[in-house]
Amino acid sequence: MLLQQVESLVAGETNWVGVLANVTAAIHDTMHFFWVGFYLVQGDELVLGPFQGSVACFRIPCNKGVCGTAWSRRATVIVEDVDQFPGHIACSSLSRSEIVVPVFNQNGDVTAVLDIDSTDLATFDTTDQYYLERMMQTLTSLRTME
């Protein structure tokens with residue numbers, strides 16, 4: 001049902017930041033994860049975008065942490081225990097597991113990543129990956145980002 005809610009939230013909307021803000025709110029309110037947000041690609045780093053949760057890191061270099069790794073690999077990354085992920089960037093010591101899903105534009109470029117953190121170990125699995133990737137595909141058609 002969350003996928004359908006997000007699809008209806010983004011249908012016909014052109015306010016990119018507003019869409020990202022509503023998507024984070026929908027996921028956060030429905031699933032009650034510790035942190036849900038977007039990092040936007042700007043040059044050679046990811047920059048904090050709309051999010052729900054506690055304060056976050058402002059900038060993440062490509063290939064650094066879970067978010068930078070998902071961006072550089074152009075693929076979803078699931079981490080069962082962030083303490084076991086080499087180079088994990090700890091924005092909060094409460095985060096224990098994480099999933100990061102890239103967002104592509106119409107040209108196939110990664111323009112953002114969706115980052116979700118949980119306070120529990122091994123929260124995310126391939127079912128989460130499947131539905132979150134489908135959800136992020138609904139954002140692809142919104143606009144072609146530079």
Side-chain angles (χ1 to χ4, degrees), residues 1-11 13 15-105 108-143 145:
M1 290 188 57
L2 179 58
L3 179 59
Q4 291 173 343
Q5 180 185 8
V6 168
E7 288 171 346
S8 67
L9 280 172
V10 305
E13 186 53 63
N15 174 355
W16 181 245
V17 173
V19 164
L20 298 182
N22 269 341
V23 169
T24 60
I27 295 169
H28 190 264
D29 289 349
T30 302
M31 305 304 292
H32 308 289
F33 293 123
F34 172 66
W35 198 91
V36 178
F38 287 93
Y39 280 93
L40 311 176
V41 174
Q42 290 186 4
D44 60 352
E45 62 185 359
L46 295 167
V47 177
L48 181 63
F51 71 92
Q52 299 277 316
S54 61
V55 297
C57 302
F58 278 105
R59 297 176 185 279
I60 300 172
C62 187
N63 282 325
K64 301 296 181 187
V66 183
C67 291
T69 300
W71 174 26
S72 66
R73 289 182 184 170
R74 302 173 46 83
T76 299
V77 176
I78 298 172
V79 179
E80 293 185 353
D81 181 351
V82 297
D83 292 332
Q84 302 303 312
F85 188 87
H88 176 255
I89 300 170
C91 296
S92 170
S93 61
L94 298 177
S95 178
R96 303 293 309 279
S97 62
E98 188 169 358
I99 186 170
V100 179
V101 181
V103 180
F104 298 92
N105 66 13
D109 301 315
V110 177
T111 58
V113 296
L114 171 66
D115 180 17
I116 304 177
D117 292 22
S118 173
T119 55
D120 298 319
L121 291 171
T123 298
F124 307 103
D125 60 21
T126 56
T127 300
D128 298 302
Q129 177 179 351
Y130 173 78
Y131 284 103
L132 290 170
E133 286 176 353
R134 283 193 54 198
M135 195 178 299
M136 294 306 100
Q137 288 171 358
T138 65
L139 303 182
T140 299
S141 62
L142 290 180
R143 73 179 213 182
M145 297 180 63

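Reckoned from all heavy atoms, side chains included, excluding hydrogens, waters and symmetry mates.
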Kindly compute the distance separating [atom1] ([X]) from [atom2] ([Y]), expressed to the nearest 0.5 Å.
X      : Y      : atom1 : atom2 : answer
Leu139 : Leu114 : CG    : CG    : 8.5 Å
Leu121 : Asp81  : CG    : CG    : 5.0 Å
Phe51  : Ile27  : CZ    : CD1   : 14.5 Å
Thr119 : Leu94  : OG1   : CG    : 7.5 Å
Leu132 : Thr127 : CG    : OG1   : 10.5 Å
Thr111 : Leu40  : OG1   : CG    : 8.0 Å

* Would you please test Leu3 and Arg134 for side chain to side chain contact (heavy atoms under 4.5 Å, CB included) and show each step? => CA-CA 8 Å; Leu3 179 59; Arg134 283 193 54 198; 3.5 Å; yes
If you compare all heavy atoms of [X] against all heavy atoms of [Y], which two are closest, and at what distance to 0.1 Å?
X      : Y      : value
Val41  : Ala112 : CG2-N, 3.9 Å
Glu98  : Val66  : OE1-CG2, 3.5 Å
Phe124 : Asp117 : CZ-C, 4.3 Å
Leu2   : Ala26  : CD1-O, 3.7 Å
Thr24  : Pro50  : CG2-O, 3.5 Å
Trp35  : Val55  : NE1-O, 4.5 Å

Side chains of [X] and [Y]: closer than 4.5 Å at any heavy-atom pair?
X     : Y     : answer
Gln5  : Thr30 : yes
Cys62 : Asp44 : no
Lys64 : Ile89 : yes

How about [X] and [Y]: does a side-chain donor come under 3.5 Å of a side-chain acceptor?
X      : Y      : value
Ser72  : Asn63  : yes
Glu133 : Gln137 : no
Ser97  : Thr123 : yes

* Does the pair Glu45 and Val47 meet the rule for a side chain to side chain contact (heavy atoms under 4.5 Å, CB included), with working shown? -> CA-CA 6 Å; Glu45 62 185 359; Val47 177; 4.2 Å; yes
* To do: Report the C-alpha separation of Ile99 and Gln129 in whole Å, then their side-chain angles, then the decisive distance to 0.1 Å, and conclude whether the side chain to side chain contact (heavy atoms under 4.5 Å, CB included) test is met.
  => CA-CA 8 Å; Ile99 186 170; Gln129 177 179 351; 4.3 Å; yes
* **Centroid-centroid distance, Phe58 to Tyr39, less than 6.0 Å** =>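 That pair fails the under 6.0 Å test.
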Using atom types as modelled and distance alone, determine if a side-chain donor or acceptor of [X] lies under 3.5 Å from a backbone N or O of [Y].
X      : Y      : result
Trp71  : Val113 : no
Asp128 : Tyr131 : no
Thr138 : Met135 : yes
Arg74  : Gly108 : yes
His28  : Phe33  : yes

* **Steps toward side chain to side chain contact (heavy atoms under 4.5 Å, CB included) verdict (Asp120, Arg96)** => CA-CA 5 Å; Asp120 298 319; Arg96 303 293 309 279; 5.8 Å; no
* ring pair (Phe, Tyr, Trp, His ring centres under 6.0 Å) partners for Phe34, two or more places apart ->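 Not a single residue meets the ring pair (Phe, Tyr, Trp, His ring centres under 6.0 Å) criterion with Phe34.
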